[in-house]
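A quick note: this is a predicted structure, and the numbers were derived from the prediction, not measured.
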Amino acid sequence: MKEVPDDNKAFVLEVHRLLTDVYGSEISYFHDLDPLSELVSALLSHRTRNRDSGAAFRRLRERFADWESVRDAPVGEVEETISVCTWPEQKAPRIQQVLRLLTERLPSLNLDFLEAMPVAAARAWLEALPGVGPKTSAAVLSFSTIRGRAMPVDAHHFRVAVRLGIIEEKLGEARAHKVLEDLLPEYFTAQEVYDHHQVMMRHGQKTCYHFRPDCARCTLLHLCPTGQVQLQKKRA
């Protein structure tokens with residue numbers, strides 16, 4: 001069985017190379033939202049399928065003229081609007097709470113100023129808001145029109161990294177963000193960091209499933225201790 005190299009950075013770079021051969025590079029950004037809209041979208045996406053959170057976001061945009069209107073609406077109206085996503089009874093008051101806090105702290109209700117801040121400072125600023133953790137702050141900076149150099153780690157990305165032996169599962173998704181991002185080459189551009197997130201996520205969605213991963217056709221099998229063990233069990 002192949003051991004994970006001590007130089008995890010070289011290992012991660014090889015994983016990146018192999019996965020971009022399969023899933024591509026210079027991957028198009030799937031959102032073209034301003035940072036505040038991306039923040040609302042990210043808050044809706046917590047523990048929700050992309051299809052459902054996307055539908056909830058579209059319904060908000062269709063029903064309300066702007067984010068000020070969402071902020072000031074009766075909470076039940078916001079909850080009903082986003083009812084297609086999970087836990088609307090929690091997300092509606094949380095979104096309104098965040099919008100009110102931003103109104104108190106900023107001269108206008110937008111987050112465009114984050115683009116001028118260093119990424120680490122912008123992430124810390126966002127993570128001071130209720131309900132905003134590392135995944136959400138990275139999503140706002142990377143996926144929005146800021147196109148910042150920040151890497152979200154979703155459940156698929158985390159699972160692939162654990163199975164490859166890059167990190168231990170006990171680290172947890174929240175703490176994994178900094179560890180996994182620090183393993184990427186310093187010369188990686190924001191686009192390349194985004195690509196890495198995308199190919200790791202897609203590999204988890206298309207091959208390295210939560211249940212019954214398709215190890216036999218995995219392009220990373222020769223590097224993956226978990227996959228090799230799984231195949232050995234099947235052959236036994």
Side-chain angles (χ1 to χ4, degrees), residues 27-155 157 173-174 177 190-191 193-194 197-198 201:
I27 298 168
S28 297
Y29 285 85
F30 62 91
H31 274 174
D32 193 24
L33 300 175
D34 66 89
L36 178 55
S37 297
E38 189 63 58
L39 174 59
V40 174
S41 173
L43 291 171
L44 288 168
S45 72
H46 290 177
R47 301 300 180 184
T48 301
R49 290 179 296 183
N50 290 339
R51 179 187 64 191
D52 295 334
S53 63
F57 181 82
R58 287 192 297 273
R59 290 181 63 178
L60 277 178
R61 296 297 290 264
E62 291 166 0
R63 185 164 184 172
F64 298 100
D66 48 36
W67 297 122
E68 288 83 356
S69 301
V70 174
R71 176 196 64 199
D72 299 336
V75 66
E77 189 174 334
V78 177
E79 181 181 333
E80 189 278 329
T81 304
I82 65 171
S83 60
V84 293
C85 72
T86 57
W87 303 317
E89 71 283 357
Q90 298 176 22
K91 292 178 179 177
R94 174 53 55 81
I95 288 169
Q96 289 187 310
Q97 179 190 19
V98 168
L99 292 173
R100 288 173 187 139
L101 283 173
L102 293 176
T103 301
E104 293 171 4
R105 298 175 184 178
L106 301 172
S108 60
L109 194 51
N110 73 71
L111 296 176
D112 295 347
F113 70 93
L114 293 173
E115 186 170 6
M117 295 176 66
V119 168
R123 293 188 68 170
W125 194 95
L126 286 165
E127 288 172 29
L129 296 169
V132 178
K135 179 181 176 183
T136 299
S137 71
V140 171
L141 296 178
S142 176
F143 300 161
S144 77
T145 51
I146 291 176
R147 303 295 192 238
R149 191 187 184 283
M151 187 176 72
V153 175
D154 71 351
H157 187 154
E173 286 183 38
H177 282 76
Q191 174 70 62
V193 171
Y194 175 77
H197 158 70
Q198 284 288 313
M201 178 184 68

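Scored by the side chain to side chain contact (heavy atoms under 4.5 Å, CB included) test, F30 finds F143, Y194, Q198 as partners (sequence neighbours excluded). Under the rule for a salt bridge (Lys or Arg N to Asp or Glu O under 4.0 Å), R58 has no partner lying at least two apart in sequence or in another chain. Applying the ring-ring contact (aromatic ring centres under 6.0 Å, His included) test to W125 and every residue at least two apart in sequence or in another chain returns F113. Looking at residues two or more places apart in sequence or on another chain, you find a salt bridge (Lys or Arg N to Asp or Glu O under 4.0 Å) between D52 and R49.
Of the inter-residue distances, the one linking K135 atom NZ with S45 atom OG reads 5.5 Å to the nearest 0.5 angstrom. A distance of 4.5 Å separates CZ of R100 from CD of Q96, quoted to the nearest 0.5 Å.
Taking the side chain as every heavy atom from C-beta outward, V140 and V132 never approach each other to under 4.5 Å. Counting heavy atoms from C-beta on, the side chains of L126 and T136 never come closer than 4.5 Å. In this structure, D66 and L109 have side chains that are not in contact, with every pair of non-hydrogen atoms separated by 4.5 Å or more. Within the 4.5 Å cutoff, the side chain of N110 has no heavy atoms near those of the P35 side chain. By the 4.5 Å heavy-atom criterion applied to side chains, W87 and H46 are not counted as neighbours. Looking at heavy atoms from C-beta onward, L111 lies in side-chain contact with L106 at the 4.5 angstrom threshold.
E77 places no side-chain N or O within donor-acceptor distance of the main-chain N or O of V70, the cut-off being under 3.5 Å. In this structure a side-chain-to-backbone donor-acceptor pair under 3.5 Å is missing from S53 to T48.
For residues 78-92, the set of pairs meeting the salt bridge (charged side-chain N to carboxylate O under 4.0 Å, His left out) definition, not counting sequence neighbours, comprises R59-E80, R63-E80. Pairs passing the salt bridge (charged side-chain N to carboxylate O under 4.0 Å, His left out) check and including a residue from residues 30-43, sequence neighbours excluded, read D32-R147.
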> Stepwise, does the side chain to side chain contact (heavy atoms under 4.5 Å, CB included) test hold for L99 with L36?
Replying inline: CA-CA 9 Å; L99 292 173; L36 178 55; 4.0 Å; yes
> What's the verdict on side-chain hydrogen bond (donor to acceptor under 3.5 Å, both in side chains) for Q97 and R94, showing C-alpha distance, side-chain angles and the deciding distance?
Replying inline: CA-CA 5 Å; Q97 179 190 19; R94 174 53 55 81; 3.1 Å; yes
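When all heavy atoms of L43 and G131 are compared, the pair lying nearest together is CD2-O, 3.8 Å. Nearest approach of L60 to V40, heavy atoms of both residues: CD1-CG1, 4.0 Å. Residues S37 and W67 come closest through the heavy atom pair OG-NE1, 3.0 Å. Heavy atoms only, all atoms of each residue included: R123 and L141 are closest at CG-CD1, 3.3 Å. Across every non-hydrogen atom of H197 and D154, the tightest pair is CE1-CG, 4.4 Å. Closest approach of S142 and A150 over heavy atoms only: CB-O, 3.3 Å.
Residue I95 forms a side chain to side chain contact (heavy atoms under 4.5 Å, CB included) with just one option from V75, V78, L44, and that option is L44.
Residue N50 places its CG atom among 12 or fewer non-hydrogen atoms of other residues, nucleotides or ligands, all under 6.0 Å distant.
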